[in-house]
Protein chains: 2
Amino acid sequence: MSEAANRRQATFVSAEEVARLAGVSRSAVSRAFTPGASISVETRQRVEAAAAQLGYHVNHLARGLMRHESGIVCLVVADIHTPYLSRLLDYLSRALQEAGKAVMVLNAGRATKNVEAALRQTLNYRADATIVLSGTPYRSIARQCLESGQRLILINRDDHFEQTVGISVDHAKAAQTAAMLIRRGGYRRPALVSSGIGTPSLNARRDHFLEALRMADLTAQVWEGGPTAYQSGFQAGTELMTLPEPPDAVFAVTDLLACGVMDAVRQRFNKRVPDDIGVIGFDDIDQASWSSYDLTTFSQPVEAITAYTVRMVEQKSAEIQASSRTFEAPLIWRSSLRATLP
Amino acid sequence: MSEAANRRQATFVSAEEVARLAGVSRSAVSRAFTPGASISVETRQRVEAAAAQLGYHVNHLARGLMRHESGIVCLVVADIHTPYLSRLLDYLSRALQEAGKAVMVLNAGRATKNVEAALRQTLNYRADATIVLSGTPYRSIARQCLESGQRLILINRDDHFEQTVGISVDHAKAAQTAAMLIRRGGYRRPALVSSGIGTPSLNARRDHFLEALRMADLTAQVWEGGPTAYQSGFQAGTELMTLPEPPDAVFAVTDLLACGVMDAVRQRFNKRVPDDIGVIGFDDIDQASWSSYDLTTFSQPVEAITAYTVRMVEQKSAEIQASSRTFEAPLIWRSSLRATLP
DNA sequence: CTGAAAGCGCTTACAG
DNA sequence: CTGAAAGCGCTTACAG
């Protein structure tokens, strides 16, 4: 730290000061920090030395203003503490950083109103792209994002906007597989457990599951309620088991729900999994592989989603166009479901 | 959307254009969006109408440049997908937003090198404050943050920097309580389980636990290894139980480790908790209350930490000074530990 | 209460 | 390769 820096106290040093110390123009300083700019090795080194001495850091606010590119990517998300979303957030934020972006997180909740406020902030900071993981934006504000040249990427939202990139998971196929596996395991009285939230993803899993069962002349008991959490699953398990005809297999639309179901069924009703009752989940959260659960489930294609998202963020704004891409959620076979007839 | 907005395509509207449409000066537009600025109700309304019509959003990049306050708060964090950190991130991001801040997440890992890159970005975006949840910053870069007038808040880092706000948890008290409870439950052969990561927090819990035991003339077996995860706990449980003198009580420095220990001990060695072996954890993650575990543990004071952090972020830069604050982690009594002698 | 003007810290044609 | 100048989109004294 130079004397000068110490005297300045609580202030950032500017390119101007660096230029003075290095004995060059402001332009030269700028070029020294712009990859590919035409500058001689010698002046670049002089600038770098002066910058290091003064503790100079390019002001990205000003740079963004000139370049019309802030370098910021916004993530609109709710329920960050949830296993699946926190994993997605982890992957996404790391990958975006590696691509040179700064990631801003907007903890928005699902309420459309909050999502709108989040998108507004996205516009305020001139984000290069915004990625919506939860909630559904108003059409009007979404359009403003697009018209401002912002890339808009919706993950598992199932709403279609023009010029928007949609990324989703093949819920239909997974749900059909779940139905098939339950039949193949010789289970006779399937049930579906979901939360009362009804996001597009959860509803798709439910509907395709019930439909697949119907094709095989089976009907399922449906339990829906509460938030998408362990406790709801526990309650579901408890209530289903006290029915006159309790189910012998459960497709829980989320692993968190599945864990709750398993615990209720085993601990309160002394049933064995998978013999008395089979359970299958969705997400493949860490806990699904814990030996207390060892849950058969479908794995969220987090890596594929992340890689594709980064590609979309990096595309030139001229190339922006509506697209939608679906990734498969592969089955993870574990022990919570009987494989064949008993 | 006005015709004009449609024609502009992929460009943000500026205060200039709003001023023209509203028939006022640029200054008036600025005042309309500055709480407390002196402006008549009438012109404010005219401006607001014009802004809405054009889809205007104040450019926070430019505003930050003038105000010398970006409104951005950075969170430097690793292992976002982990239950405790994702919860802290959830609380912190929400509270900071409610305080009017934009939160930037820097997924840094623990490596000092990465932390340095993260802090550099923090400076690039002229963040008002940066909060370090993981890893330890170099002194030099930390000083640059402070000298630039940035507030620097370290949570559970235990390193002391001048002018830095330190927030930590009373690990000593919790660890002593753990030792005391194990003795009171009549356990004779305690063990300590930790990861091989050795963060200041984990080490503090370990050292104070061992120290408290030593005061009571007890020694503990120590198992340390792997990342701070379920699998490490499972391995610890497995290896400890195959010892010639296996422990009858375990203080796992983290709930994730504790869950792993419990599963290994019960499923692979058919031991009962808490009768054959008592387990106590730390963090009170969601899974600790799941009925498969029902883990006695200490609750991370996430709300208190969050509230205090926001207060520190909001303090005037003139008031910045070193401080450190410790919050207690209250015991959550559940069933994984015997309460009294058998 | 209001507008003209200066300035925040950068980048980028434009000449040389 | 280099510098002087214009300009990005705002805010804030300064007069009126």
Side-chain angles (χ1 to χ4, degrees), chain A residues 8 10-48 50-51 54-72 102 123-128 148-149, chain B residues 8 10-48 50-51 54-72 102 123-128 148-149:
Chain A
R8 234 179 313 86
T11 286
F12 283 90
V13 352
S14 68
E16 180 80 59
E17 306 174 56
V18 176
R20 210 148 43 211
L21 180 60
V24 298
S25 69
R26 302 159 113 274
S27 323
V29 177
S30 183
R31 292 193 185 101
F33 292 100
T34 303
S38 81
I39 184 173
S40 69
V41 236
E42 206 213 306
T43 60
R44 151 167 287 131
Q45 283 170 351
R46 284 240 298 281
V47 170
E48 276 169 356
L54 295 175
Y56 171 71
H57 297 265
V58 178
N59 185 331
H60 280 27
L61 267 31
R63 168 177 280 185
L65 210 51
M66 285 304 299
R67 291 236 247 255
H68 289 283
E69 244 196 36
S70 63
I72 296 173
L123 290 168
N124 284 136
Y125 280 96
R126 301 303 193 249
D128 298 338
S148 307
Chain B
R8 231 177 316 85
T11 287
F12 284 89
V13 352
S14 70
E16 180 80 59
E17 306 174 56
V18 176
R20 211 147 42 210
L21 179 60
V24 298
S25 69
R26 301 159 114 275
S27 324
V29 176
S30 182
R31 291 192 184 102
F33 292 99
T34 304
S38 81
I39 185 173
S40 69
V41 236
E42 207 212 306
T43 60
R44 153 167 285 132
Q45 284 170 351
R46 284 240 298 280
V47 171
E48 278 168 355
L54 296 175
Y56 171 71
H57 296 265
V58 178
N59 186 332
H60 279 29
L61 266 32
R63 169 178 280 184
L65 211 51
M66 285 305 299
R67 291 235 246 257
H68 290 283
E69 241 195 38
S70 63
I72 295 173
L123 291 168
N124 283 136
Y125 281 97
R126 302 304 194 249
D128 298 339
S148 307

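Basis for what follows: all heavy atoms, side chains included, without hydrogens, waters or symmetry-related copies. Letters go in sequence order (proteins before strands), and every chain restarts at 1. Predicted model, so just to flag it, every value in this text is computed and none were measured.
Minimum heavy-atom separation, B:Arg46 to B:Val24: NH2-CG1, 3.9 Å. Summarising the geometry of A:Tyr56 relative to A:Val13, their closest heavy-atom pair is CD1-O, 3.3 Å, with the distance given to 0.1 Å. Closest non-hydrogen pair, A:Ser70 versus B:Leu61, comes out as CB-CD2, 3.9 Å. What you find for A:Val18 and A:Ala51 is that their closest heavy atoms are CG1-N, 3.9 Å.
If A:His57 and B:Ser40 are placed on DNA chain C by their nearest nucleotide, the residue sitting closer to the 5' end is B:Ser40.
Contact between the side-chain N/O atoms of B:Ser27 and the OP1/OP2 oxygens of D:dT11 is not found at any separation under 4.0 Å. In this model, the phosphate group of D:dG9 is not approached by any side-chain N or O of B:Ser14 to a distance below 4.0 Å at OP1 or OP2. Between A:Tyr56 and C:dC10 there is a side-chain polar atom (N or O) within less than 4.0 angstrom of OP1 or OP2. Taking side-chain N and O atoms only, B:Ser30 has no distance below 4.0 Å to OP1 or OP2 of D:dC10.
A straight line from CE of B:Met66 to P of D:dT12 spans 7 Å, rounded to a whole angstrom. Separating the CG atom of B:Asn59 from the C1' atom of D:dC8 is a distance of 9 Å, rounded to the nearest angstrom. Between the P atom of C:dC8 and the CD atom of A:Glu17 lies a distance of 11 Å, rounded to the nearest Å. A:Leu61 places its CG atom 15 Å from the C1' atom of C:dT11, with the value rounded to the nearest Å. Regarding B:Arg26, its CZ atom lies at a distance of 16 Å from the P atom of C:dC8, rounded to whole Å. Rounded to an integer number of Å, the gap from A:Leu65 CG to D:dC10 P is 8 Å. Between A:Arg44 atom CZ and D:dC1 atom P the separation is 10 Å, expressed in whole Å. The nearest whole Å value for the distance from the CD atom in B:Glu69 to the P atom in C:dG9 is 15 Å.
Listed nucleotides: D:dT11, D:dG3, C:dC10. Nearest to the side chain of A:Ala15: C:dC10. Closest to the side chain of A:Arg31, from the set C:dC14, C:dT11, D:dG9, is C:dC14. Distance from the side chain of B:Ile39 is smallest to C:dT2 among D:dC1, C:dT2, D:dC10. Checked against C:dC10, C:dG3, D:dG3, the side chain of A:Ala28 finds its nearest nucleotide in D:dG3. The listed nucleotides are D:dT2, C:dG3, D:dT11; the one nearest the side chain of B:Arg63 is D:dT11.
In this model, no side-chain donor or acceptor of A:Ser25 finds a partner on the base of D:dA4 within 3.5 Å. In terms of polar N and O atoms assigned as donor or acceptor, the side chain of B:Arg126 never comes within less than 3.5 Å of the base of C:dG9 in a complementary pairing.
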Using the side-chain contact (heavy atoms from CB on, under 4.5 Å) rule, take A:Arg44 and A:Arg31 through it: C-alpha gap first, then chi angles, then the decisive distance, then the call.
CA-CA 8 Å; A:Arg44 151 167 287 131; A:Arg31 292 193 185 101; over 6 Å; no
Is there a side-chain contact (heavy atoms from CB on, under 4.5 Å) between B:Leu54 and B:Arg20? Walk through the geometry before answering.
CA-CA 11 Å; B:Leu54 296 175; B:Arg20 211 147 42 210; over 6 Å; no
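Residue contacts shown for A:His60 are absent, as no nucleic acid heavy atom lies under 4.0 Å away.
Separating the NE2 atom in B:His57 from the CZ atom in B:Phe33 is a distance of 9.0 Å, to the nearest 0.5 Å.
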Dot-bracket pairing map - DNA chain D, Watson-Crick plus G-U, both contacts under 3.5 Å, | cross-strand:
|||.||||||||.|||
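No donor-acceptor distance shorter than 3.5 angstrom exists from the side chain of B:Gln45 to the backbone of B:Glu42, with no hydrogens or angles considered.
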